Amino acid sequence: MAAALAGAGRRRGRRAAVRGLASLLATDSLVRRAGDQDGRLGRLAEALAVDGAPPMGPPSLDAAVAAAFTVGVGKADPVLAVPIAVMAAGVLAARAAQSSDTDVASRLAGAALGTTVALAVNRLVPARTPTPLRPVEPVVVPQEPRPTGAGVVAVVNPRSGGGRGARLAAAVRDLLPGAELIVLDPDDDVGAAMRAAAARAEVLGVIGGDGTVQTAAAVATQAGHPLLVFPGGTFNHFAADLGVDRLSDAVRALAQGTAIEVDVGLANGKPFLNTSSLGRYPTFVRIREQWEGRVGKPVAAAIALVLAGRRERPIRVIVDGREHLVAMMFVGNGRYQPHGFAPSWRPRLDDGRLDLRILTFDRRFALLRILASLLTGRLGRSSLYIEDDPVDLRVELPDGPAPLARDGEVGPGGTRIDYCKARRALTVYRPRRGEVGLRSPRTRRSSVAGEA
């Protein structure tokens with residue numbers, strides 16, 4: 001079922017498949033661990049049995065994973081879940097008709113357990129939901145239509161996205177024969193290559209991940225050129241919030257000559273398009289980069305998450321005059337959705353605000369309090385969590401400088417960081433509203449939390 005959903009060509013189907021499988025795997029692991037050789041679940045079921053009621057076996061694994069997959073898909077796309085729910089219910093009902101009372105109770109318990117796990121997964125990693133407000137549409141800044149790519153000079157990071165950049169560059173050559181492509185070598189200075197490209201470009205293009213796009217944006221802003229972004233990275237946060245999910249979106253915007261003006265975040269004068277962060281995340285990035293060449297990015301990320309949590313202690317931070325002991329601090333270029341410490345998407349890229357989110361360790365048993373708040377969905381009410389949308393922000397580190405991340409790239413941070421916004425400083429191509437779905441009305445994976 002997951003393969004069918006993922007192969008149907010719809011982004012919502014792929015996201016539903018991923019969410020369903022995540023719920024299924026979590027449920028499978030829980031049932032198998034709890035029902036090990038010691039038979040702990042069986043003994044618990046016996047202890048909870050009501051006098052006179054048929055005995056209850058451990059929760060049924062097949063019922064649990066079926067329910068988990070169905071509910072996981074349904075939280076991402078209720079329409080897709082309907083036929084899956086019908087099939088799952090039919091199979092379970094047919095088996096129940098041929099089973100004993102014990103088997104029926106076991107299957108009901110399994111279905112309840114799978115549903116609970118799927119709901120917990122959805123709460124911990126919430127699916128994208130429509131923003132409750134309809135944002136004001138940005139003003140389109142007309143550009144000269146360039147259907148062949150004439151005047152475009154694009155810098156390509158071929159290693160971005162696990163080689164996606166190189167593959168995308170080959171497609172761009174076919175679709176935009178008039179464009180010039182500069183493919184970076186491993187030892188090339190990205191900023192210097194961008195400046196050289198901008199010197200002879202009318203439109204500066206970039207094929208790469210968010211770090212490469214950030215460099216291109218800074219150069220395009222200084223040169224006064226519009227920026228053409230091709231989604232060539234792993235996550236492509238900026239391109240996706242912009243509405244450029246595919247190569248065809250960028251090519252269409254260039255041919256139409258449609259662009260908008262977006263804000264650029266500044267941390268001590270250095271730009272960022274998506275996020276900046278302090279705390280454990282910079283260490284996480286460094287450890288992941290050390291391991292990903294040997295074990296691949298997903299496994300490296302898991303290793304980094306564990307090691308960063310063990311190695312790094314909270315840091316003292318003074319935010320606009322108030323001191324906190326901070327585990328993680330997130331500053332977004334624009335207000336993100338949803339609320340809570342899993343920011344995922346932005347309805348607008350020109351709202352003139354920063355998005356501040358902080359997890360503090362200001363009280364005893366802070367880690368346990370935060371975990372309890374996350375599991376119960378009450379993080380927004382926790383005294384250990386801060387969320388605000390300032391126009392500018394001053395951050396001081398009284399114990400000395402700490403590493404600072406901007407759009408996933410880690411560098412020195414200094415003992416004071418001043419955040420502000422450059423309002424509508426960057427002109428960037430985007431297809432017309434009616435021809436591309438922006439992130440706010442659709443469900444999309446929650447990935448920015450992994451960046452910041």
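Positions are given from 1, in the same order as the sequence printed here. Computed from heavy atoms alone, side chains included, the values below leave out hydrogens, waters and symmetry copies. Note that the structure is predicted; figures quoted are calculated from it, not measured.
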ask   = Taking NZ, NE, NH1 and NH2 as the nitrogens, is one of them in Arg146 or Glu144 under 4.0 Å from a carboxylate oxygen of the other?
value = yes
Would you say Thr360's side chain and Leu384's backbone share a donor-acceptor pair under 3.5 angstrom?
-> yes
**Request:** Evaluate the side chain to side chain contact (heavy atoms under 4.5 Å, CB included) criterion for residues Val190 and Leu184: first the C-alpha distance (whole Å), next the side-chain angles of each, then the deciding distance (0.1 Å), finally the verdict.
**Result:** CA-CA 8 Å; Val190 178; Leu184 296 172; 3.9 Å; yes
* Mind checking whether Val73 and Arg19 have side chains closer than 4.5 Å, heavy atoms only? -> no
- Looking only at atom types and distance, does a side-chain atom of Thr258 sit under 3.5 Å from a main-chain N or O of Leu254, one as donor and one as acceptor? no
In the structure I gave you, are the side-chain heavy atoms of Leu393 and Val319 within less than 4.5 Å of one another anywhere? yes
Treating Asp185 as the side-chain partner and Asp188 as the backbone partner, does any N or O pair qualify as donor plus acceptor under 3.5 Å? no
Distance col, row Asp407:CG vs Ser277:OG, nearest 0.5 angstrom, shows 9.5 Å
Between the CD1 atom in Ile386 and the CG atom in Leu356, the distance rounded to the nearest 0.5 Å is 7.0 Å
CG (Leu168) and CG (Leu181) are apart, to the nearest 0.5 Å, by 9.5 Å
Quick one: are Leu349 and Leu273 in side-chain contact, heavy atoms under 4.5 Å? no
When Asp249, Val229, Leu228 are each screened for side chain to side chain contact (heavy atoms under 4.5 Å, CB included) with Val244, the one that passes is Asp249
Heavy atoms, side chains only, cut-off 4.5 Å: are Leu354 and Lys421 in contact? yes
Margin query: Assess, by modelled atom type and distance only, whether the side chains of Tyr336 and Ser344 contain a donor and an acceptor separated by less than 3.5 Å.
Written below: no
What one should report as the nearest heavy-atom pair of Pro231 and Arg164 is O-NE, 2.7 Å
Heavy atoms of Thr221 and Ala425 approach each other most closely as CG2-O, 3.6 Å
Q) Is any side-chain heavy atom of Asn157 closer than 4.5 Å to a side-chain heavy atom of Ile207? A) no
Discussion item. When you compare the side chain of Thr427 with that of Leu227, does any pair of heavy atoms fall below 4.5 Å?
Written reply: no
Scanning both residues in full, the closest heavy-atom pair of Leu266 with Ala422 reads CD1-CB, 4.2 Å
Salt bridge (charged side-chain N to carboxylate O under 4.0 Å, His left out) filter on Asp399, not counting sequence neighbours, yields Arg316
### Query
When you check the gap from the basic side-chain N to the acidic O, do Glu180 and Arg200 get nearer than 4.0 Å?
yes
(Q) Any side-chain to backbone donor/acceptor pair from Asp418 onto Val395? Under 3.5 Å, distance only. (A) no
Worksheet item: So, Ser29 side chain and Leu25 main chain: donor-acceptor pair closer than 3.5 Å or not?
Response: no
Exercise. Got more than 12 heavy atoms from elsewhere within 6.0 Å of CZ, Arg322?
Worked result: no
From the list Asp263, Asp241, Asp351, side-chain hydrogen bond (donor to acceptor under 3.5 Å, both in side chains) with Arg346 holds only for Asp241
If we ignore hydrogens and angles and just use 3.5 Å, is the side chain of Asp210 paired with the main-chain N or O of Phe238 as donor and acceptor?
yes
Check your understanding: Got Arg430 and Val428 here, is their nearest side-chain heavy-atom distance under 4.5 Å?
Key -> no
When rounded to the nearest 0.5 Å, the distance separating CZ of Arg335 from CG of Asp388 is 10.5 Å
Taking Ser160 for the side chain and Gly232 for the main chain, is one N or O donor matched with an acceptor at less than 3.5 Å?
yes
For Arg357 and Phe330, indicate whether the former's side chain and the latter's backbone hold a donor-acceptor pair under 3.5 Å.
no
Next item on the list: For the pair Arg424 (side chain) and Gly352 (backbone), establish whether a donor and an acceptor sit closer than 3.5 Å, ignoring hydrogens and angles.
Entry: no
What one should report as the nearest heavy-atom pair of Ser276 and Leu404 is OG-CD1, 3.3 Å
In short, Pro403 meets Val410 closest at the heavy-atom pair CB-CG1, 4.0 Å
Output for pair (Arg353 CZ, Asp392 CG), nearest 0.5 Å, gives 9.5 Å
Nearest heavy-atom contact between Val264 and Pro271 is CG1-CB, 3.6 Å
Main-chain N/O of Asn333 paired with Asp355 side-chain donor or acceptor, under 3.5 Å
no
